[in-house]
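Here the structure comes first, spelled out in structure tokens, and everything after it is commentary.
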There are 2 protein chains.
Amino acid sequence: MISLSILKKSPLFSGIDTKDLQSMLSCLSAVEKKYAKNELILRQGDPVGYMGLVLSGRIHILKDDFWGNRTILSDVTPSQMFAESFACSQNQGLSVSVLAVEPTSVLFLDIKRILNTCSSACVFHTRLIRNLLSVLAEKNLMLTGKIDHITKRTTREKLLSYLSAESLKAGSPKFQIPFNRQQLAEYLAVDRSAMSQELSKLQKEDYLSYHKNNFHLKDNFTH
Amino acid sequence: MISLSILKKSPLFSGIDTKDLQSMLSCLSAVEKKYAKNELILRQGDPVGYMGLVLSGRIHILKDDFWGNRTILSDVTPSQMFAESFACSQNQGLSVSVLAVEPTSVLFLDIKRILNTCSSACVFHTRLIRNLLSVLAEKNLMLTGKIDHITKRTTREKLLSYLSAESLKAGSPKFQIPFNRQQLAEYLAVDRSAMSQELSKLQKEDYLSYHKNNFHLKDNFTH
DNA sequence: TAGTTTCTGTTGGAAATACAACGAAAAGGA
DNA sequence: TCCTTTTCGTTGTATTTCCAACAGAAACTA
């Protein structure tokens, strides 16, 4: 039995009544799967005809290159989606991998069932497609934001760019980040030890303070 | 009079008959505007309720930061679109600027007219929205590809990553790139002179040869 | 054609990063 | 609880990048 409360929070099902959700799920041939911590959900190269929606847990979209360098593209939490771009553009195989960083439950939705209005005339397809449009647009902006961070030239600037964006998102100078140090380094595409060093400096210079994943940006942060 | 042949090539109007295009344009309250070389088409911060479609010329999506560092996010050629993510996600102002790098003609389309099926019951809206979905998905993959390049740690790796992708796209070891050196550096987020140096080295080591924007990847390129 | 501007490659020194290695602290498992 | 594994900060060195400056080639203009 799938938790409908998570689905209701998902932008994909925005504006769709709870009582209609259940019937829609079967119409979309939705399938739930569970994964253990550190289990690979999808592999680079896999063809994908479905998109994923995280019901519980947490996943990372990542890419490993030839030399073993890993890059984390994004962190996906419950009610958010993944692989929808690949599913929508069909032809192409997955250029990323998807990893469960915690015990995770995922709902898979057949993209064809969403795009092709079904014979049973499910009236919500129109709404669903527009929601999907929003999801893709938002994800696009998210990627643009990420590019913003990693195009900064120094590790310090990357950190400042990322942390101020996170603070803004949290609406507070105190916030948690969803990464540990190694993961943050992989997200910002820098060396972990160099990044740790830079964080120390920033703390010494009283730009910010941190403890584990909790950060606090100080007043003289605005450079 | 708008060139319909360019529109026909656009993924947005894919599958829509030429004879219907003209009426659709007025339905979408399409407006054509012309820009001189180096003229700004849209400014960072502008609210956007419309998306753009390049009819002729060439534009760059770019971002200037506080210190004057410019980053080129993408290069957009005739029949391609821009600003569609911002238009679709509505609320947000533009986080990038759009610059005409050549004399350019742009068609603007009102996003509301696309999303809200019009009263005159234009039957193509459904098709249009699905096409838009594909455009957004493709752009997403494009951004992911760009992230691939710039997350590489060294200038050399960034170049190799970008050039091999361009070669793949062209389907040949010989190809042109749409950037001059300065622009390529801004696209890859590296210093121009350092990049020039690295290109020289790569040529000396016989990985590739180049003349202006024409590149030729040699056999021992595959590292 | 001559003069001007833009583009490209080169250089040298300053600055920043990557890499490898290590110990301490924290987290997790038996 | 004890032991193992993971995480985190620190350091020193080699490598790489950035920056500023310059000169020749190419493109543009009058």
Side-chain angles (χ1 to χ4, degrees), chain A residues 36-38 60 65-72 99 101-103 149-163 176-205 207-215 223, chain B residues 36-38 60 65 67-72 99 101-103 149-163 176-205 207-215:
Chain A
K37 178 174 178 173
N38 289 328
H60 281 173
D65 74 10
F66 185 74
W67 298 273
N69 284 323
R70 167 166 292 183
T71 308
I72 297 178
L99 179 76
V101 290
E102 297 174 9
H149 303 142
I150 55 180
T151 50
K152 296 287 188 297
R153 302 306 172 79
T154 66
T155 300
R156 167 174 289 228
E157 280 180 303
K158 289 181 190 180
L159 280 169
L160 294 178
S161 176
Y162 171 73
L163 291 174
Q176 283 198 30
I177 63 171
F179 300 125
N180 64 28
R181 297 290 181 276
Q182 179 63 45
Q183 291 168 340
L184 180 57
E186 286 164 5
Y187 182 81
L188 295 178
V190 296
D191 180 71
R192 181 195 61 79
S193 68
M195 188 191 74
S196 247
Q197 196 172 17
E198 205 58 46
L199 274 175
S200 292
K201 278 193 207 166
L202 285 168
Q203 185 158 239
K204 277 201 193 84
E205 297 170 23
Y207 281 107
L208 51 80
S209 65
Y210 57 87
H211 178 65
K212 305 213 305 189
N213 294 6
N214 301 298
F215 285 76
H223 38 291
Chain B
K37 178 174 178 174
N38 288 329
H60 280 174
D65 74 10
W67 298 272
N69 284 323
R70 168 165 293 183
T71 309
I72 297 178
L99 179 76
V101 290
E102 296 175 8
H149 303 141
I150 56 180
T151 50
K152 296 286 189 297
R153 303 305 174 80
T154 66
T155 300
R156 167 176 289 228
E157 279 180 305
K158 289 181 188 179
L159 279 169
L160 294 178
S161 176
Y162 170 73
L163 291 174
Q176 282 198 31
I177 64 172
F179 300 124
N180 63 28
R181 296 289 180 278
Q182 179 62 48
Q183 293 167 340
L184 180 57
E186 285 164 4
Y187 182 81
L188 296 179
V190 296
D191 180 71
R192 181 196 61 80
S193 67
M195 189 191 74
S196 249
Q197 196 173 18
E198 205 59 45
L199 274 175
S200 292
K201 277 193 207 166
L202 285 168
Q203 186 159 238
K204 277 200 194 84
E205 297 169 23
Y207 281 107
L208 51 80
S209 65
Y210 57 88
H211 178 65
K212 307 213 303 188
N213 294 7
N214 300 296
F215 285 76

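All chains are named by letter (A, B, ...) in the order of the sequence lines, taking the proteins before the strands, and each is independently numbered beginning at 1.
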Practice prompt. Using a cut-off of strictly less than 4.0 Å, decide whether B:Ser200 has a side-chain nitrogen or oxygen near OP1 or OP2 of C:dT10.
Written response: yes

Worksheet, complete the sentence: B:Leu159 atom CG is separated from D:dT16 atom C1', nearest whole Å, by 14 Å

Worksheet item: Taking the side chain as C-beta and beyond, is there a heavy-atom pair between A:Leu159 and A:Lys201 under 4.5 Å?
Response: no

Worksheet item: What pair of heavy atoms forms the shortest contact from A:Phe215 to A:Asn213, and how long is it?
Response: CD1-O, 3.6 Å

Worksheet item: Side-chain contact, heavy-atom cut-off 4.5 Å: B:Arg181 with B:Leu199?
Response: yes

Item to complete: Can you see which heavy atom on B:Ala185 is nearest to which on B:Arg192, and at what distance?
Response: CB-CA, 3.7 Å

Worksheet, complete the sentence: Of the listed D:dT17, D:dT10, D:dT7, the closest approach to the A:Asn180 side chain comes from D:dT7

Discussion item. In whole Å, I'd like the distance from the CG atom of A:Leu160 to the P atom of C:dA16.
Written reply: 13 Å

Worksheet item: Tell me: CD of A:Glu198 to P of C:dA15, nearest whole Å?
Response: 14 Å

Worksheet entry | Side-chain N,O (A:Thr155) to OP1/OP2 (C:dT17) below 4.0 Å | yes

Item to complete: Would you mind telling me which of D:dC8, C:dG9, D:dT11 lies closest to the side-chain atoms of A:Arg181?
Response: D:dC8

Discussion item. Looking at every non-hydrogen atom in both residues, tell me the closest pair between B:Leu188 and B:Ile150 and how far apart they are.
Written reply: O-CG2, 3.6 Å

Discussion item. Measure CD/B:Gln197 against C1'/D:dA20 and give the value in whole Å, please.
Written reply: 14 Å

Response to the item:
On DNA chain D, more 5' by nearest nucleotide between B:Ser193 and A:Leu199 is A:Leu199

Discussion item. Counting C-beta onward and ignoring hydrogens, is there a side-chain heavy-atom pair between A:Val101 and A:Phe179 closer than 4.5 Å?
Written reply: no

Item to complete: Grab the OH-C1' distance between B:Tyr210 and C:dT8 for me, whole Å please.
Response: 9 Å

Discussion item. Does D:dT16 have its OP1 or OP2 closer than 4.0 Å to a side-chain nitrogen or oxygen of B:Thr154?
Written reply: no

Worksheet item: Does the pair A:Tyr187 and A:His60 meet the rule for a ring-ring contact (aromatic ring centres under 6.0 Å, His included), with working shown?
Response: CA-CA 10 Å; A:Tyr187 182 81; A:His60 281 173; 8.8 Å; no

Worksheet item: At their closest point, which heavy atom of A:Ala194 faces which heavy atom of A:Asp191, and how far apart are they?
Response: N-OD2, 3.1 Å

Fill in: Residue-level proximity of residues 183-191 of chain A to DNA chain D when a heavy atom falls under 4.0 Å
none

Worksheet item: At their closest point, which heavy atom of A:Arg156 faces which heavy atom of A:Glu198, and how far apart are they?
Response: NE-OE2, 2.9 Å

Worksheet entry | Atom pair distance, as rounded to whole Å: CE in B:Met195 and P in C:dT8 | 8 Å

Worksheet item: What integer distance in Å separates A:Leu202:CG from C:dA16:P?
Response: 12 Å

Discussion item. Does D:dT17 have OP1 or OP2 under 4.0 Å away from a side-chain N or O of A:Arg153?
Written reply: no

Can you check nucleotides 22-30 of chain C for protein contacts, nitrogen or oxygen pairs under 3.5 Å, and list what you find?
from, atom 1, to, atom 2, distance (Å)
C:dA27, OP1, A:Lys212, NZ, 2.3

Practice prompt. Look only at the side chain of B:Gln183 and the backbone of B:Ile72, and say whether a donor-acceptor pair between them is shorter than 3.5 Å.
Written response: no

Worksheet item: Closest heavy-atom contact between B:Met195 and B:Val190?
Response: CB-CG2, 4.0 Å

Discussion item. Using whole Å, what does the distance between atom P of nucleotide D:dT17 and atom NZ of B:Lys201 come to?
Written reply: 7 Å

Response to the item:
As a check of understanding: the bend across the helix from C:dT1-D:dA30 to C:dA30-D:dT1, end axes from five pairs, rounded to 10 degrees, works out to 60°

Worksheet item: Would you say the side chain of B:Glu186 lies within less than 4.5 Å of the side chain of B:Thr71, judging by non-hydrogen atoms?
Response: no

